[in-house]
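Below: the structure, in structure tokens.
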2 protein chains.
Amino acid sequence: MSPQRRAGLGTNQEAVRRHNLGTLLRHVHGAGQISRAELTSLMGLNRSTIAGLVGELESLGISERAMPADGPRQGAGRPSAGVRIAAEGPFVIAVDLGVDRAVVARVGLGGRVLERAQAPVHSDGEAWQVGAAVAALIRRVVEGAPAAAPLVGIGISVPGLVRRNDGLIRLAPNLEWHDVSFGGIVLAALGLDVPVSLANDADLGALAEHIRGAGVGIDDLIYVSGNVGVGAGVITGGVRLEGAGGYAGEVGHLRFNPQGRPCHCGNRGCWETEVGGHAIAEAISCPPDKVAQLDEVLEGYTTPTPELRATGTALGHGLASIVNTFNPRLIVLGGYFRSLYPLVRGEVNAGLADRALPAPLESVTLALPGLGSDSALLGAAEIALEPLFVDPVAALGSALVDVGSLLAV
Amino acid sequence: MSPQRRAGLGTNQEAVRRHNLGTLLRHVHGAGQISRAELTSLMGLNRSTIAGLVGELESLGISERAMPADGPRQGAGRPSAGVRIAAEGPFVIAVDLGVDRAVVARVGLGGRVLERAQAPVHSDGEAWQVGAAVAALIRRVVEGAPAAAPLVGIGISVPGLVRRNDGLIRLAPNLEWHDVSFGGIVLAALGLDVPVSLANDADLGALAEHIRGAGVGIDDLIYVSGNVGVGAGVITGGVRLEGAGGYAGEVGHLRFNPQGRPCHCGNRGCWETEVGGHAIAEAISCPPDKVAQLDEVLEGYTTPTPELRATGTALGHGLASIVNTFNPRLIVLGGYFRSLYPLVRGEVNAGLADRALPAPLESVTLALPGLGSDSALLGAAEIALEPLFVDPVAALGSALVDVGSLLAV
DNA sequence: CGTTCCCGTCCTCTCGCACAACAAATTCTG
DNA sequence: CAGAATTTGTTGTGCGAGAGGACGGGAACG
């Protein structure tokens, strides 16, 4: 959003152009197709300036001219030509690393999934084995890419704590990884050198839901991901909350019940011991080896068991703490909560209303992900695309063309 | 930091100038006095551009030329002239509203307290009575202001929930206020019309500590204010965390002990029932009517009682939740915690280390406020000054000159 | 005491956006 | 159905802001 990364810097004319070009692209990316007239009013710039920016984007091969969007006009006047993402424009690779499977997609600007592949991952697998599997999936989705289309980068969603400086995976409890440089592993397996970004899955879920999911236009939202572990991604004031090291949002280890069950973190009664995957499984007597398919099992229920209702209340109580600390306008319930919430909506809402302060409670809404189970995947695409919005020219400069043949075996 | 308020807008040349002028002033404000050479390197702009900006600031009467700062030179070359805040430059009124007293100060750019006054406030006072008392204090501190110096605005720190859109005090539990428009009340009592900003005391404490306290240069910090209630102000990525309505940071009502004491919010065992003013008072058998002087009572201790040590542990455990959710680099302990922490440092640190996740724990530090008990007051000055850094020219345009005679009875 | 280094000032240049005028494309209206 | 009204795209001009170089000033260093 800002023309410079570090605060306190001045702005020169070069930065203005970069910023405007990036912001324009961000709008096209967000809307898929947009008219130049809408761009003028959105960005508050002159028609002629927009024309110049659009022209530069076209000459970079990022966007292309489109026919005016047909539909009900809202008045007289010449219809405004459309700007849309070029068919052979830049793309990224998005990776959603789960505890039992990896999903890889080739994603273009505008958030379109152009190709997708997935494979199971052994939860006791070594990092290099997983990296090789991911690399194989990447080769597969890149195969059909047009030779002219540049690869901007790779974004990876990780179920764990990721250091934001360098993308090191500090801890992925359910993969049993400590201090794994997964980005480097994947690049080595590919034999490529492109920008790689890694981030926590809940953080990326929040980002994706903010840009093109249930939270479009909402600048303060939280994505709560309920998997085996529970985490939250926070968007506040329209930007990601990262924290000093990038570990912000670990709400799964909020103190919930001091007399509760021991948690893998060493404490007792963390929130995730009451509402995480294992707790839900226990509530419906699901055998531990089927926790990975918990969502399918939950889909089978039409009425909740008393134990599930208690879990719903615990979920609401925990969400109340989140509402009190972050005061979001929207909470998106992802992961297993996506299947759980419809069953125990009443209990969750009641638990939340019971424990949250009135002021922050009155403006908050609970919702399911608008992107289904793809939130983290599309969020991974977003962080990989991010450099394009900061400086389109520079990002294209460090992109790779003809990746298909580069990766051909 | 950004040249435009709303995201998604473009930047034109006017905005560039505004941004650069504001950023320059922010640097002068932060450093008190700074050389033009430092400004060039900090802002990354050309010498001649800085000269132009400094000249404009001088002609606006905001800054003035200063002799080169004497001290150890770091090399040869012509010494760089200094830029410092003008003696008769713009100022603001800062108000720190407490449950038992109000402090009012006239504060200039650079954060200098030019005048200060305070008065007791009855905790069962009506809002208009408190407003009248504050107005009287304001008249007193404005009396000696130079006629040429413009009043930019009034900033008020409130021990409660403040709506960020309009500054309405939604709830100030210890003043027993609900939905009070205190800004309007004070303005009416003064018979003036200047910009008034209100915010939560912990939020302002965090802001002040970030700009000129213990957290200078630290972009992810939390100010935990332990008074009768417990709240937190959060700076993340260098900006204030506000939340959708402005209520973010109400960590006092984090679930701590489900079997604990009832809290005024209606729940049981909120964190502030274990570490708030009343809990501390109980731990040292301080009579309830002396809770307001709790810090003085605490100063009298040299070794903690076992009850105080337990409170320290509870403080550490709660801070662990804060560390896990926000991943700050610094936590500043304000309010009564300022007196409590030195007594039970070991217990707090141990409780924190015991419950926080290793990754966010390793980079966090606990500290006492660098501004003593003035954090919230100086934070109030900062939000009142804020418009100057966004657009100095516009802010001066809406400022009032010769306030001294305007307010004379 | 001269050299070196750095800073402030002045001037010119470049670049990006705004603005105005005109052409083009569609809707509205009589 | 034709002309007016409206909105947009295009083009050329102007303005403003920062960059960059030339010059002189002031202090440290040898």
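Reminder, nothing fancy here: chain letters follow the sequence lines and each chain counts from 1.
- The separation between B/Ile34 atom CD1 and C/dC7 atom P is 13 Å, rounded to whole Å.
- Atoms CD (A/Glu38) and C1' (D/dT8) sit 13 Å apart, rounded to a whole Å.
- Atom CZ in A/Arg65 sits about 8 Å away from atom P in D/dG9, given to the nearest Å.
- For A/Asp402, there are no salt bridge (Lys or Arg N to Asp or Glu O under 4.0 Å) partners two or more places apart in sequence or in a different chain.
- B/Arg36 has a side-chain polar atom (N or O) that falls below the 4.0 Å cut-off from OP1 or OP2 of C/dT9.
- When the side-chain nitrogen and oxygen atoms of A/Ser80 are compared with OP1 and OP2 of D/dG9, one or more of them lie within a distance under 4.0 Å.
- Rounded to whole angstrom, the span from the CE atom of A/Met43 across to the P atom of C/dG16 amounts to 14 Å.
- Between the CD1 atom of A/Ile50 and the P atom of D/dT10 there is a distance of 13 Å, rounded to whole Å.
- One interatomic measurement links the two molecules: CZ of A/Arg18 to P of C/dC15, which rounds to 15 Å at whole-angstrom precision.
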Which atom pairs, donor and acceptor, lie under 3.5 Å between side-chain atoms of residues 76-90 of chain A and protein residues at least two apart or in another chain?
| from | atom 1 | to | atom 2 | distance (Å) |
| --- | --- | --- | --- | --- |
| A/Ser80 | OG | A/Arg36 | N | 3.4 |
| A/Ser80 | OG | A/Ala37 | N | 3.0 |
| A/Arg84 | NE | A/Glu64 | OE2 | 3.0 |

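- Partners of B/Arg17 under the salt bridge (Lys or Arg N to Asp or Glu O under 4.0 Å) rule, at least two apart in sequence or in another chain, are B/Glu56.
- The pair A/Glu386-A/Arg26 meets the salt-bridge criterion, with a side-chain N (NZ, NE, NH1 or NH2) lying under 4.0 Å from an Asp/Glu carboxylate O.
- Take A/Glu38 and apply the side-chain contact (heavy atoms from CB on, under 4.5 Å) test, not counting sequence neighbours, and it matches A/Ile34, A/Ser35.
- For residues 44-53 of chain A, no pair satisfies salt bridge (charged side-chain N to carboxylate O under 4.0 Å, His left out), with sequence neighbours left out.
- Atom NE2 in A/His19 sits roughly 17 Å away from atom C1' in C/dC15 (whole-Å rounding).
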* For every nucleotide of nucleotides 17-24 of chain D, 5' to 3': is a protein heavy atom under 4.0 Å from its base (B), only from its sugar-phosphate (S), or from neither (-)? -> BSBB-B-B
